[in-house]
Amino acid sequence: MYGWIWRLLPGNLAARTFVTVVLAGLAVAVLWYAVFPWLEPRIPLDQSVLNR
């Protein structure tokens, strides 16, 4: 899968690397600010589970 994505990216090695870093950062930001806050109240965790 990663090879397929790498081949689809435009440009030379530097451009592909830059686009890859930007896309990874975007994915992390979406997870951090949208998905995880939405998911947190739906997961039944309490302090006893977290302190093992």
Side-chain angles (χ1 to χ4, degrees):
M1 180 175 110
Y2 297 115
W4 176 74
I5 293 171
W6 188 255
R7 284 190 303 271
L8 286 178
L9 292 174
N12 59 8
L13 179 62
R16 288 180 179 187
T17 304
F18 176 74
V19 171
T20 302
V21 169
V22 169
L23 289 175
L26 183 63
V28 168
V30 167
L31 286 171
W32 190 264
Y33 292 109
V35 175
F36 294 153
W38 173 81
L39 190 60
E40 182 183 13
R42 291 164 175 79
I43 298 176
L45 295 175
D46 58 2
Q47 289 296 355
S48 64
V49 173
L50 299 176
N51 290 333
R52 284 188 176 200

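Note that the coordinates shown come from a computational prediction; the quantities given were computed from them, not determined experimentally.
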>> I need the single residue from Ile43, Val30, Leu31 that forms a side-chain contact (heavy atoms from CB on, under 4.5 Å) with Phe36. Which is it?
In response: Leu31
Shortest non-hydrogen contact from [X] toward [Y]:
X: Ala15; Y: Pro10; result: CB-O, 4.1 Å
X: Arg16; Y: Arg7; result: NH2-O, 4.2 Å
X: Leu13; Y: Thr17; result: O-OG1, 2.7 Å

>> One pair to check against side-chain contact (heavy atoms from CB on, under 4.5 Å): Trp6 and Val19. What are the steps and the verdict?
In response: CA-CA 10 Å; Trp6 188 255; Val19 171; over 6 Å; no
> What about Val21 and Leu23, same hydrophobic cluster or not, with Ile/Leu/Val/Met/Phe/Trp/Tyr joined at side-chain heavy-atom distances under 4.5 Å?
Replying inline: no
>> Quick check on the hydrophobic clustering: are Tyr33 and Trp38 connected, directly or via other members, by side-chain heavy-atom contacts under 4.5 Å?
In response: no
